[in-house]
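To start, the structure itself, in structure tokens.
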Amino acid sequence: MKSKLFFLSAFIALNFILGCSPKKAASPEQEMKIFVDELMQKMTLDEKIGQLNLPGSGDIVTGQTTSSDIGKKIKEGKVGGLLNIKSVEKIMDVQKVAVEESRLKIPLIFGMDVVHGYQTTFPIPLGLAASWDMNLIEKSARIAAQEASADGICWTYSPMVDISRDPRWGRIAESAGEDAYLGSQIAKAFVAGYQGDDLTKNNTIMSCVKHFALYGAAEAGRDYNTTDMSFQRMYNEYLPPYKAAVDAGAGSVMSSFNDINGIPATGNRWLLTELLRDEWGFDGFVVTDFTGINEMIEHGMGDLQAVSALALNAGVDMDMVGEGLLTTLKKSLDEGKITEATIDQACRRILEAKYKLGLFDDPYRYCDVNRSKSEIFTPENNFAAREIAAQTFVLLKNEQQLLPLKKKGKIALVGPLADNRENMAGTWSVAVNHDQSITVLEGFKAAVGDKAEIVYAKGSNIVDDPKLDYWVSSWGKTTIDSVKSPTQLREEAIAVASKCDVIVAVMGEAAEMSGESSSRSDISLPGSQKQLLEALLKTGKPVVLVLFTGRPLVLSWEEKNVPAILNVWFGGTQSGNAIADVVFGAVNPSGKLPVTFPQNLGQVPIFYNHKNTGRPLEVGKWFEKYRSNYLDVTNDPLYPFGFGLSYTQFSYGELRLSNNNLIGNQNLTASIEIKNIGSVDGSEVVQLYIRDLVGTMTRPVKELKGFQKVFLKAGETKVVSFAITPEDLKFYNYKLNYDWEPGDFVLMVGGNSRDVKAAPFSWLK
Ligand code: BGC
């Protein structure tokens with residue numbers, strides 16, 4: 001933003017609106033202020049309120065935009081931007097109305113949920129998080145920005161950085177999982193990828209960090225539900241990724257639907273002003289979530305006028321879809337419930353965002369039809385999508401090295417997701433063209449060529465229940481076969497599979513069984529597929545389970561009975577090719593879980609960085625009377641945070657600390673030798689955890705403080721080192737002071753959060 005281009009655009013923008021020669025200003029920020037000041041002097045109150053309005057693109061018909069209700073409002077200066085309108089031609093058409101037919105010719109901002117890619121779709125965010133590769137995540141966001149901006153979009157509602165420890169919550173699929181440190185690194189990578197180093201460039205877009213805040217802690221994992229949380233937990237465990245995105249320069253923030261300690265986020269002044277602006281120094285704009293203001297009526301915060309005033313006074317600048325601000329603010333102003341200065345402030349923030357995007361300089365900056373033809377869904381982007389997807393898969397089990405499969409003999413490819421195009425991209429793939437997604441069957445056939453025979457059978461529906469099918473197929477992705485009965489499907493598959501050398505069962509959730517409004521109270525494999533899996537195992541053939549999921553599933557039965565399990569999340573448009581790359585060994589899996597997989601639902605919420613309690617259970621034990629444990633299940637997860645296997649094995653040597661007794665501003669280095677002791681090359685995510693043994697507040701049993709993804713050739717050894725400073729020991733104490741406390745610590749390094757090498761150290765002030 002602070003590049004030369006920004007200066008240039010600022011000068012041109014001044015000329016554009018003011019029609020005068022540029023003044024010499026000290027900084028781009030001052031220039032922007034002058035520009036916005038002068039523009040706002042010309043605006044009526046109605047026009048200022050109009051900037052706060054973000055309608056959906058519902059009734060827009062291209063070519064006749066001006067005759068639609070929204071078109072009329074645009075002409076009258078009652079619209080600040082539009083939501084989820086797709087295609088550069090439509091966007092140009094609408095922008096034209098704004099800059100040619102409205103009084104002040106203020107351009108619109110066009111936003112969309114570009115969540116994990118645009119037309120070239122990458123794995124769902126939970127999958128991207130499993131790569132633990134910040135360069136790849138940034139690259140995916142860069143490509144998404146490139147494609148979206150080539151199609152007229154200049155603003156994305158991403159990254160979603162809500163920490164979630166509850167797999168019942170469907171939107172965990174859109175998140176980076178359970179950990180604040182990993183989530184913060186990922187938040188930064190996304191913002192950097194979208195916004196680049198210069199927002200005025202026509203191939204960068206403004207990011208909107210969401211959902212502020214604590215949406216992922218919805219009670220009982222039920223979507224839109226209440227959050228009630230201590231401030232210590234918020235600051236230490238849930239807020240860091242939002243802050244990281246703000247620190248990385250995210251241009252906007254979206255308020256969340258949920259209530260936080262009794263006040264809905266959208267009307268929460270502590271959250272949107274005191275924390276976000278006063279404490280964190282955020283200077284972008286705040287948009288609500290979809291009808292977030294109106295929903296405060298149901299929350300019990302008053303009528304539309306009252307909740308709109310509440311939202312504005314809390315710090316909301318733009319109203320997504322609900323038109324509460326548009327229709328009630330004047331009345332509230334007359335009645336003294338809000339001030340004109342607050343309206344001005346919100347209007348200013350939106351105009352500034354448009355300025356930062358270079359829209360005053362050129363309202364059609366993101367409307368280059370040639371770019372839309374040459375920069376979307378390109379072979380290079382598809383290549384990157386395939387490469388990135390393969391890095392996100394997590395190998396959960398691989399008995400007797402069943403994987404990778406050899407390209408020989410007869411391979412049965414069975415399951416409702418094996419030849420299924422529309423479920424590959426995963427939830428929130430607004431701009432995807434499902435016809436372009438590669439199925440697993442296509443990926444397998446292309447991978448084996450004529451070396452092996454791939455025999456396909458569907459085997460089951462994704463779900464058998466018509467009611468559930470109806471609820472999860474709202475985007476046209478049906479889950480039930482219209483021709484064959486479940487028994488027919490299963491028998492056909494068993495007949496096929498019995499004649500093969502190995503069975504690959506491609507199963508899991510439908511794309512819309514996770515994501516928004518897709519909470520589940522039973523997070524196991526749907527019954528129809530479980531039955532099929534049981535029948536496939538009974539054939540006695542080796543079975544590989546390729547599992548599609550947008551959340552951690554309960555896989556205890558599968559872990560016990562299926563020899564190999566590869567978790568592939570939803571891999572995006574290149575899913576089929578990327579899965580084939582890993583299954584046949586062209587790529588060695590290196591994904592690690594960004595979230596804990598429970599043994600059963602009763603363990604939820606289960607997460608690695610829990611507190612110790614006053615009655616912890618001894619490691620390795622199941623139960624002891626009067627200890628913190630369960631009668632019917634051990635405390636252990638099925639698969640711990642950070643877990644993931646490889647086709648090779650890595651041995652961890654002795655953990656060495658440069659110093660075990662430190663004082664003040666010294667530096668600590670932890671080093672460990674990692675050796676690839678298998679026979680193939682591979683990457684390992686080496687994870688660093690720290691436990692603060694004594695504090696003025698209870699501290700987690702371990703916390704992730706660093707990680708490195710290292711590539712090791714077969715037989716190769718590398719020393720991996722981490723530098724630790726007192727900064728890494730800081731936390732928010734019971735008074736919310738952010739500092740570190742001297743004392744004893746344990747440092748741990750390992751390939752997951754459970755299997756670690758540990759070394760003690762003390763650090764005094
Ligand atoms: C979701 C947001 C999304 C918005 C706009 C809402 O329902 O909660 O994540 O950005 O819709 O599509």
Side-chain angles (χ1 to χ4, degrees), residues 53-58 60 70 79-86 109-118 121 124-126 141 144 148 153-164 169-176 187 190-191 194 205-218 221-227 241-242 245 250-260 264-266 284-296 298-299 311 316-324 353 425-432 474-475 511-512 514-519 550:
N53 189 29
L54 178 74
S57 50
I60 287 189
I70 290 176
V79 175
L82 280 173
L83 165 80
N84 285 350
I85 162 167
K86 177 151 193 305
I109 182 172
F110 293 91
M112 188 187 261
D113 291 278
V114 181
V115 171
H116 51 112
Y118 189 69
T121 307
I124 54 168
L126 191 62
I153 298 297
C154 55
W155 181 32
T156 177
Y157 309 123
S158 174
M160 190 277 223
V161 301
D162 307 327
I163 293 294
S164 185
W169 191 53
R171 301 200 79 169
I172 199 169
E174 299 168 54
S175 83
F190 267 113
V191 175
Y194 291 134
I205 60 179
M206 183 173 278
S207 95
C208 181
V209 58
K210 71 186 187 186
H211 306 84
F212 194 58
L214 320 179
Y215 184 31
R222 183 155 55 78
D223 210 358
Y224 317 119
N225 208 358
T226 306
T227 298
Y242 305 103
S252 62
V253 167
M254 184 186 294
S255 63
S256 56
F257 288 127
N258 54 289
D259 141 5
I260 298 174
T266 304
F285 74 102
V286 173
V287 62
T288 70
D289 202 345
F290 205 99
T291 62
I293 292 180
N294 315 58
E295 289 172 29
M296 287 200 286
E298 292 287 357
H299 274 287
V316 161
D317 304 307
M318 198 176 223
D319 176 357
M320 188 188 282
V321 177
E323 301 209 336
T427 188
W428 278 116
S429 338
V430 177
V432 76
S474 46
W475 300 94
E512 295 306 326
S514 55
E516 187 169 353
S517 188
S518 294
S519 295

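Numbering of ligands and ligand atoms starts at 1, following listing order. One is the number of the first residue; the rest follow in order along the sequence. Below, each value reflects all heavy atoms present in this structure, side chains not excepted, and no hydrogens, waters or symmetry copies.
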Take the angle between the ring planes of Y242 and F212 and call it parallel below 30°, perpendicular above 60°, tilted in between.
perpendicular

Verdict with supporting geometry, N258 and S256, side-chain hydrogen bond (donor to acceptor under 3.5 Å, both in side chains)
CA-CA 6 Å; N258 54 289; S256 56; 2.7 Å; yes

Tell me which residues fall inside the under-4.0 Å heavy-atom shell around ligand 1.
L83, N84, D113, Y157, R171, K210, H211, M254, F257, D289, F290, M320, W428, E516

Smallest heavy-atom separation, T121 atom then H116 atom, equals CG2-O, 3.3 Å

Anything under 30° is parallel, anything over 60° is perpendicular, the rest tilted; go ahead and classify Y215 against Y224.
parallel

Do other residues, nucleotides or ligands put more than 12 heavy atoms under 6.0 Å from the CZ atom of F290?
no

Restricting to non-hydrogen atoms, name the atom on E174 and the atom on E516 that form the minimum distance, rounded to 0.1 Å.
OE2-N, 3.7 Å

